[in-house]
Q: 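For reference, the structure I am asking about is given below.
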Amino acid sequence: MTEQELRIQEKKAANPGGETTKNETYFAPHVDIFETEKEVTVLADMPGVTTDGINLSLEDNILTLQGHRPPWKQTGRIILEEYESGHYLRRFTVAETIDQDRIEASLADGVLKVRLPKTRPAQPKKIEVKLG
Amino acid sequence: MPFIRFADRPPYRNPWTEFERIRQGLDELTRTYIDKSKTQNRANVYPALNIFEEADRLIITAELPGIKAQDLNLSLEGETLTIQGKRDSKQNETGISYHRREIESGGFSRAITLPIKVEVEQVGAKLNNGILTITLMKASAATPRQIKVSAEEEPIS
């Protein structure tokens, strides 16, 4: 088993693109992105987000992962505050050609998993240069 | 930090006033430091915790993405609450190449001393979408009790 100790990873604020009217914080979720021959998989840590709050889109090769946390009212007095809660937002440019109709996403234990199947294995393309 | 030149010093100084000045400066420093760090703390040990106090209970929350309930171990001994667990985000598939690796794997263990006495028998913990919420009921001695004030009208004699 792993002997490594988990560390606290600092949350980085994400820019939602233009100011929001509500005073809400967006964080960039930590991600793992890996690729196999068939697909690209994105794992993103989004604790506190339910399936209703997930908003995924792939437009012009830009994959947007957005997770909205349900409003949570804090009751009582804060004794200790070591982390901030907020929504999640992160964008990636996907280089591979993705079959948009077969994109699958699942959420388990606060981790979003997005499978992006490739349309076909990338063929090396040879471009011939003609003499002008 | 002001410079004190020797020439500026008066010929006689009470040596204790200087200590008093230092003491006041230190007091001020601790005050501003405590104000800032009273509730907002940088945690050093995983996981980062938020603790709230309600009238009858103490609520502790932590963000634990990717950690399954069976991999989480909570124990309460006296006033020490220990949170232990592990996360395994390694992929078992073969032939994968990583583009980004930001999610870490590993174990963690954090022990905190609770600020008040709690009922050891009444501890609730749930893990929901990667958020752990621990509810600890305060011990009856620590729960505020309503004291009824009865008004007695004294007869005017």
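Below, read A as the first sequence line, B as the second, and so on, with proteins coming before strands; counting in each chain starts at 1.
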Q: Any carboxylate oxygen within less than 4.0 angstrom of a Lys/Arg side-chain nitrogen, looking at Lys113(A) and Glu104(A)?
A: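 No salt bridge links Lys113(A) with Glu104(A).
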Q: Run the salt-bridge test on Glu104(B) and Arg7(A) with the 4.0 Å N-O cut-off and return the result as yes or no.
A: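 Looking at Glu104(B) and Arg7(A), the cut-off is met.
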Q: Could you tell me which of Glu35(A), Gln9(A), Met46(A) has the largest number of non-hydrogen atom pairs under 4.5 Å with chain B?
A: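 The option with the most such pairs is Glu35(A).
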Q: Do you know which of Val45(B), Ile96(B), Ile103(B), Asn128(B) has the most heavy-atom pairs with chain A at a distance under 4.5 angstrom?
A: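 Of Val45(B), Ile96(B), Ile103(B), Asn128(B), Ile103(B) has the most heavy-atom pairs under 4.5 Å with chain A.
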Q: Select one option (side chain, backbone, both, neither) describing which atoms of Val31(A) are under 4.5 Å from chain B's heavy atoms.
A: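 Both parts, backbone and side chain.
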Q: I'd like to know if Glu39(A) and Arg102(A) make a salt bridge, using a cut-off of under 4.0 Å between side-chain N and carboxylate O.
A: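 A salt bridge is absent here (no side-chain N lies under 4.0 Å from a carboxylate O).
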Q: If you look only at distance, which donor and acceptor atoms sit under 3.5 Å apart when one is on a side chain in residues 58-80 of chain B and the other is two or more places apart or in another chain?
A:
| residue | atom | partner | partner atom | Å |
| --- | --- | --- | --- | --- |
| Thr61(B) | OG1 | Tyr83(A) | OH | 2.9 |
| Glu63(B) | OE1 | Lys11(A) | NZ | 2.9 |
| Glu63(B) | OE2 | Lys11(A) | NZ | 3.3 |
| Glu63(B) | OE2 | Arg69(A) | NH1 | 2.9 |
| Asp71(B) | OD1 | Lys86(B) | NZ | 3.3 |
| Glu79(B) | OE2 | Lys117(B) | NZ | 3.3 |

Q: Counting heavy-atom pairs closer than 4.5 Å to chain B, which one of Thr36(A), Asp45(A), Val111(A) comes out on top?
A: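 Most pairs with chain B among the choices: Asp45(A).
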